Protein chains: 2
Amino acid sequence: MKKPAADDQVPALSRKEEILAAAASLFRQQGFERTSVREIAQALGMTSGSLFYHFASKEDLLVMIMEEGLRAITRSVQQARDSEAQLPQRLLAMMRRHLAALLGPRLDAMSVLLYEWRSLSPAAQAKVLALRDAYEDLWTQSLQQAADQGCIDADVALVRQTLLGALNWSAQWYKPGGRLDIDTLAQRMFVMLFPRMAVSLPQSLAVA
Amino acid sequence: MKKPAADDQVPALSRKEEILAAAASLFRQQGFERTSVREIAQALGMTSGSLFYHFASKEDLLVMIMEEGLRAITRSVQQARDSEAQLPQRLLAMMRRHLAALLGPRLDAMSVLLYEWRSLSPAAQAKVLALRDAYEDLWTQSLQQAADQGCIDADVALVRQTLLGALNWSAQWYKPGGRLDIDTLAQRMFVMLFPRMAVSLPQSLAVA
DNA sequence: GTCTATACCTTGATAGAC
DNA sequence: GTCTATCAAGGTATAGAC
């Protein structure tokens with residue numbers, strides 16, 4: 001109902017999505033404040049005035065990038081949670097999805113999400129924060145189950161912060177095409193952070 | 001030789017240090033780009049022109065905040081390393097110092113250090129990066145010893161990134177005066193990340 | 001060492017032609 | 001839907017009096 005769906009079957013990016021992608025890329029590289037609307041427009045072969053036909057303000061652009069990023073990673077991790085019955089496999093799958101969202105094709109949006117939230121007005125911050133809290137709840141649930149089974153530290157909030165900190169920091173150092181691919185990275189971090197769950201995985205990696 | 005050291009024995013902040021502290025505070029709260037030199041001057045009861053007597057440029061201010069922060073945390077962690085002979089105690093002490101620098105009185109400078117490096121010109125980035133690498137080497141050394149003893153994963157670089165990620169992320173969620181003080185936080189994270197070393201500590205915390 | 005005043009530039013956003 | 005032209009505001013930095 002959204003579009004007549006013409007002849008082209010390729011899910012090409014709409015103009016709006018193109019703009020979001022270009023903006024996210026620049027925001028990640030230079031930061032939100034250092035990136036001018038003129039730069040964004042230029043990257044798309046437009047002039048700055050045209051941007052404001054698609055978006056109400058520069059902040060609007062930032063909010064949409066963040067919301068889209070959060071919705072995408074939430075959807076992906078939720079899927080992983082629902083697809084694995086066993087707890088160790090489930091947490092490992094969730095970590096994989098988190099890292100894939102962070103370091104894969106969505107790198108730009110996710111980095112912006114992590115490091116540009118101070119540029120949001122208080123009103124916009126509240127909106128984005130609500131989505132972030134919903135995402136973190138996903139982790140709290142599964143980690144709570146692990147804690148109930150005595151597999152991890154009982155302070156679930158602390159475990160979640162430690163885990164997400166380790167995962168998110170990878171955006172600062174991970175280089176695609178390096179010696180570690182994303183799946184391997186997830187597995188290594190899993191073993192490091194949840195050694196007592198790792199032993200019950202099918203193929204458990206040695207530590208030393 | 002630097003100053004005649006008059007009668008006052010109080011190590012009062014020099015004007016330059018006052019400016020650095022005020023700027024760091026604003027940079028942390030609002031970000032470097034969103035903070036104008038006028039604001040910084042106003043916070044000190046000056047006008048913007050006066051700032052440029054003390055600093056060559058706004059970026060100069062940022063660089064000095066970062067360098068000072070890095071030198072301080074390096075000195076502190078180095079001290080911890082040298083004061084503990086046993087490896088588990090040494091790593092725990094280093095984690096304590098890192099968290100204390102990050103979350104204590106130096107919170108402003110350290111947050112700026114973590115989250116504003118993109119605002120540096122390439123030349124300035126290189127200078128700061130050199131100091132950061134020296135700091136990280138401190139960790140690599142001690143972690144390598146732990147790896148040699150088979151106490152941790154052999155991929156020392158990965159362990160270091162995971163550890164520093166978990167520690168640094170605390171700047172995003174830790175609230176002073178909350179249920180965890182800094183020493184306790186360090187100990188809990190140590191147990192979580194280095195369970196095989198934790199068992200050889202005097203008073204080891206239970207996990208579940 | 002700090003102030004006032006200001007030069008000069010870039011910014012986000014708007015209006016209206018096409 | 002994009003362009004040109006333009007505005008008002010706010011940015012960094014400088015000059016020179018005090």
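It should be emphasised that the depicted structure is a prediction, and the values quoted were computed from it without experimental measurement.
A salt bridge is absent between Arg34(B) and Glu39(B): the closest approach of a Lys/Arg side-chain nitrogen to an acidic carboxylate oxygen does not fall below 4.0 angstrom.
Checking dG12(C), dT2(D), dT12(D) against every side-chain atom of Phe52(B), the shortest atom distance belongs to dT12(D). Ranking dA13(C), dA13(D), dT2(C) by closeness to the Arg15(B) side chain, first place goes to dT2(C).
Distances shown here put a side-chain N or O of Thr47(A) below 4.0 Å from the OP1 or OP2 atom of dC3(D). Phosphate contact (OP1/OP2 of dC3(C), side-chain N/O of Ser50(B), threshold under 4.0 Å): present. In terms of phosphate contacts, Tyr53(B) brings no side-chain nitrogen or oxygen within less than 4.0 Å of OP1 or OP2 of dT2(C).
Note: CZ (Arg34(A)) to P (dT12(D)) measures 11 Å, nearest angstrom. Atom pair Phe55(B):CZ and dG1(C):P shows a separation of 13 Å (rounding to whole Å applied). Atoms CE (Met46(B)) and P (dA5(C)) sit 18 Å apart, rounded to a whole Å. Taking atom CG of residue Leu51(A) and atom C1' of nucleotide dT4(D), one finds them 15 Å apart after rounding to whole Å. Put simply, NZ on Lys16(B) is 13 Å from C1' on dG1(C), counting in whole angstrom units. For the pair Glu33(A) CD and dT11(C) P, the interatomic distance rounds to 12 Å; values are reported in whole Å. Straight-line distance from the CZ atom of Phe32(A) to the C1' atom of dT11(C): 12 Å, rounded to whole Å. Rounded to a whole Å, the NZ atom of Lys58(B) is 15 Å from the C1' atom of dC9(C).
At least one donor-acceptor pair under 3.5 Å links the side chain of Tyr174(B) to the backbone N or O of Leu180(B). When atom types are taken as modelled, the side chain of Lys58(B) and the backbone of Phe32(B) share a donor-acceptor pair closer than 3.5 angstrom.
The 5' end of DNA chain D is approached more closely, in terms of each residue's nearest nucleotide, by His54(A) than by the other of His54(A) and Ser48(A).
If you run side chain to side chain contact (heavy atoms under 4.5 Å, CB included) between Ser142(A) and each of Asp137(A), Leu91(A), Val156(A), only Leu91(A) comes through.
At the heavy-atom level, Ser36(A) lies under 4.0 Å from the strands shown only through sugar-phosphate atoms.
In this model, no donor atom of one side chain and acceptor atom of the other lie less than 3.5 Å apart for Arg118(A) and Gln30(B).
Counting distance only, with no hydrogens placed and no angle test, the side-chain atoms of Arg38(B) and the base atoms of dG10(D) include no donor-acceptor pair under 3.5 Å.
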